[in-house]
Amino acid sequence: MKGPLFYSKILLFGEYGIIRDSKGLSIPYNFYNGALKRDEDPSAEAIASNASLKRFAAYLETLQSEQSDLVTFDIEALKNDVETGMYFDSSIPQGYGVGSSGALVAAIYDKYAQDKITVLENLTREKLLQLKNIFSQMESFFHGKSSGLDPLNSYLSIPILINSKDNIEATGIPNQILDGKGAVFLLDSGIVGETAPMVTIFMENLKDKGFRSMLKNQFVKYTDACVENFLGGDMKSLFMNTKKLSKVVLNNFKPMIPEQFHAIWQKGIDTNDYYLKLCGSGGGGYILGFTEDLERAKASLKDYKLEVVYQF
Ligand SMILES: Nc1ncnc2c1ncn2[C@@H]1O[C@H](COP(=O)(O)OP(=O)(O)OP(=O)(O)O)[C@@H](O)[C@H]1O
Ligand SMILES: C[C@@](O)(CCO)CC(=O)[O-]
């Protein structure tokens, strides 16, 4: 048995800001994917994944008994499949900010939810919000509070624009130009990050008036501008605002940037070869880069492997 594929995602803009009602833009990233599967002769990885699914199934059983209005599952089928070795066969790295738990949640909802909202129907804003809410409750099993955006992205496999917490919509992004000079890329920090402790640091920082004012007057402002520039295809302004965002993050989100990347972060700002930003909650995993000239960025970051996500 092997189920349909669910993809990783990249939050291009909006990390942390979306907690405070900034805009956000999240796109599917098809390079990594996962599917529910069963093997005759499971690997150690499959056995570990199966154990994780077993705990998740127990959580979903409690969730539906407490909130039957929200969502119900064919729990017997799920439990039976887990008992007989089902696991999530996935190439999506865990703790890297590309939504490994989101893809898993999407796969489980797709296979076991009753009266599910499907990709084929007319997805009104209400339906999208309802799905996001269901996914948020399901995914919170993996990392405490979740916005539900990752599973939503993986489930629908289309870009999602977050206008504010309760206003999200499916969107289109400008077509890629496959041999374009400009690019968005991933930089592997080589460190596994965890979302929950990073969000805790952010929430602590929010108690500070200066931090809140920086957030509103700079971080959210540049984030919103980047989203608008990207969707509008205004690449010149996009780079200007990404540079500003990169600076603000380096100065105010230091705990979210692994120490050994502070210098190259600054180098990008100084040389204009590339601009780095957080990819999700940070603290490890991937760092997201924007460059007007991919070859120049590659030369400048020659000790690192860049994974190109989008070219224009
Ligand atoms: N293939 C898998 N099989 C079973 N469980 C998995 C699998 N992939 C991910 N998970 C679960 O998801 C957890 C990782 O989710 P977490 O939200 O911490 O990181 P992430 O989704 O990779 O990153 P982010 O939320 O920052 O994008 C793992 O600890 C595991 O419980
Ligand atoms: C850091 C955060 O804003 C994005 C993590 O992908 C947390 C969230 O909104 O769920």
Side-chain angles (χ1 to χ4, degrees), residues 3 5-29 32-39 42-59 82 85-108 132 135-154 160 162 164-165 168 186 189 191-203 205-206 215 219-220 223 249 253 255-256 277-288:
L5 295 181
F6 290 87
Y7 296 102
S8 52
K9 63 83 213 195
I10 293 175
L11 183 61
L12 282 181
F13 299 104
E15 64 285 344
Y16 296 104
I18 55 177
I19 299 177
R20 299 286 286 193
D21 266 353
S22 78
K23 285 185 192 284
L25 180 63
S26 176
I27 61 170
Y29 181 43
Y32 297 117
N33 61 54
L36 292 169
K37 200 177 165 199
R38 189 165 31 216
D39 288 339
S43 63
E45 237 182 338
I47 292 169
S49 168
N50 174 260
S52 158
L53 286 195
K54 194 173 278 181
R55 291 188 294 273
F56 189 40
Y59 169 81
V82 170
M86 183 175 74
Y87 68 103
F88 190 58
D89 182 23
S90 171
S91 61
I92 310 172
Q94 297 181 23
Y96 257 67
V98 286
S100 69
S101 55
L104 170 56
V105 166
I108 293 285
K132 181 168 170 279
F135 288 149
S136 151
Q137 305 268 351
M138 289 175 73
E139 200 187 27
S140 67
F141 171 75
F142 296 104
H143 56 219
K145 203 171 152 18
S146 150
S147 64
L149 190 64
D150 290 2
L152 186 66
N153 220 264
S154 186
I160 293 172
I162 303 113
S164 65
K165 261 197 215 87
I168 57 173
L186 295 174
S189 75
I191 302 163
V192 170
E194 266 192 276
T195 301
M198 292 298 127
V199 173
T200 305
I201 294 173
F202 176 73
M203 295 315 246
N205 287 343
L206 279 182
L215 201 73
F219 186 81
V220 168
T223 295
V249 172
F253 288 75
M256 286 76 170
K277 68 175 288 295
L278 298 176
C279 177
S281 53
Y286 285 119
I287 292 168
L288 202 52

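Both counts, for ligands and for their atoms, begin at 1 and track the order of listing. Basis for what follows: all heavy atoms, side chains included, without hydrogens, waters or symmetry-related copies.
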Next item on the list: Would you please test Tyr87 and Glu45 for side-chain contact (heavy atoms from CB on, under 4.5 Å) and show each step?
Entry: CA-CA 9 Å; Tyr87 68 103; Glu45 237 182 338; over 6 Å; no
Margin query: Between Leu11 and Leu288, is the side-chain contact (heavy atoms from CB on, under 4.5 Å) condition met? List the steps.
Written below: CA-CA 9 Å; Leu11 183 61; Leu288 202 52; over 6 Å; no
Note to self: Show, in sequence, the C-alpha distance, side-chain angles and deciding distance for Ser100 and Gln94, and conclude whether the side-chain hydrogen bond (donor to acceptor under 3.5 Å, both in side chains) test is met.
What the structure shows: CA-CA 6 Å; Ser100 69; Gln94 297 181 23; 5.1 Å; no
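Residue contacts with ligand 1: Glu139 is excluded, as none of its non-hydrogen atoms falls under 4.0 Å. Residue contact annotation: Gly280 has no non-hydrogen atom under 4.0 Å from ligand 1. At least one heavy atom of Pro93 sits closer than 4.0 Å to an atom of ligand 1.
Residue-ligand proximity, Ser90 to ligand 1, at heavy-atom distances under 4.0 Å covers atoms 1 (N). Close approach to Thr195 involves these atoms of ligand 1, each under 4.0 Å from a residue heavy atom: 25 (O), 26 (O). Close approach to Ile18 involves these atoms of ligand 2, each under 4.0 Å from a residue heavy atom: 3 (O), 9 (O). Of all the atoms in ligand 1, the ones that sit under 4.0 Å from a non-hydrogen atom of Leu104 are 4 (C), 5 (N), 6 (C). Interface of Val98 with ligand 1, defined as ligand atoms under 4.0 Å from a residue heavy atom, comprises 27 (O). Close contacts between ligand 2 and Glu15 involve ligand atoms 3 (O) [criterion: under 4.0 Å to a heavy atom].
Regarding atom 10 (O) of ligand 2, its nearest protein heavy-atom neighbour is Ser147 OG, 3.6 Å. Scanning the protein for heavy atoms near atom 5 (N) of ligand 1, the closest one is Ser52 OG, 3.0 Å. At the shortest separation from atom 31 (O) of ligand 1 among protein heavy atoms lies Phe142 CD2, 3.4 Å. Nearest to atom 19 (O) of ligand 1 among the protein's heavy atoms is Gly95 N, 3.5 Å. Here the protein heavy atom with the shortest distance to atom 27 (O) of ligand 1 is Gly99 N, 2.8 Å. Gly280 CA, 3.7 Å is the protein heavy atom nearest to atom 6 (O) of ligand 2. Counting only heavy atoms of the protein, atom 3 (N) of ligand 1 lies nearest to Ser49 OG, 2.7 Å. Atom 24 (P) of ligand 1 has Gly97 CA, 3.7 Å as its closest protein atom, hydrogens excluded (heavy atom only). Protein heavy atom closest to atom 5 (C) of ligand 2, with residue, atom name and distance, is Ser281 N, 3.8 Å. The protein non-hydrogen atom at the shortest distance from atom 4 (C) of ligand 2 is Leu11 CD2, 4.1 Å. Here the protein heavy atom with the shortest distance to atom 1 (N) of ligand 1 is Phe88 O, 3.0 Å. For atom 17 (O) of ligand 1, the nearest protein heavy atom (residue, atom name, distance) is His143 ND1, 2.5 Å.
A perpendicular orientation is assigned to the rings of Tyr29 and Tyr32, their planes being inclined by more than 60° (bins at 30° and 60°). In this pair, Phe141 and Tyr59 present their aromatic rings tilted. The plane angle is within the 30 to 60° band.
You'll find the side chain of Pro93 reaches within 4.5 Å of the side chain of Tyr286, heavy atoms only. For the pair Asn33/Phe6, no side-chain contact is recorded, criterion being any heavy-atom separation below 4.5 Å from C-beta on. At least one side-chain heavy atom of Ile19 sits under 4.5 Å from a side-chain heavy atom of Met203.
For the atom pair Asn153 CG and Tyr7 OH, the distance stands at 13.0 Å (nearest 0.5 Å). Note that the CD1 atom of Ile92 and the CG atom of Leu104 stand 9.0 Å from one another [nearest 0.5 Å]. Separation of atoms CD1 (Ile47) and CG (Asn50) is listed at 8.0 Å; rounding is to 0.5 Å. Residue Thr200 holds its OG1 atom at 11.0 Å from CG of Asn205, rounded to the nearest 0.5 Å. To the nearest 0.5 Å, the span separating CG on Leu149 from CD1 on Ile160 amounts to 5.5 Å.
Here Asp150 has side-chain heavy atoms under 4.0 Å from ligand 1, and that is the only part of it that gets that close. Residue contacts with ligand 1 for Ser100 involve both N, CA, C or O and side-chain atoms from C-beta outward (heavy atoms, distance under 4.0 Å). Proximity of Lys9 to ligand 1, defined as any heavy-atom pair under 4.0 Å, is confined to the side chain (atoms from C-beta onward).
Closest heavy-atom approach to atom 21 (O) of ligand 1 within the set Ala35, Ser101, Ala51: this belongs to Ser101. When the heavy-atom distances from atom 28 (C) of ligand 1 to Gln94, Lys54, Glu45 are ranked, the shortest goes to Gln94.
Although no hydrogens or angles enter the test, the distance criterion places a donor-acceptor pair under 3.5 Å between the side chain of Ser189 and the main chain of Gly285.
Pairs engaging residues 9-25 under the side-chain hydrogen bond (donor to acceptor under 3.5 Å, both in side chains) rule: Lys9-Asp150, Glu15-Lys277 [sequence neighbours left out].
At least one N or O atom of Tyr16, backbone or side chain, sits closer than 3.5 Å to an N or O atom of ligand 2.
Shown here are the salt bridge (Lys or Arg N to Asp or Glu O under 4.0 Å) partners of Lys37, two or more places apart in sequence or in another chain: Asp39, Asp89.
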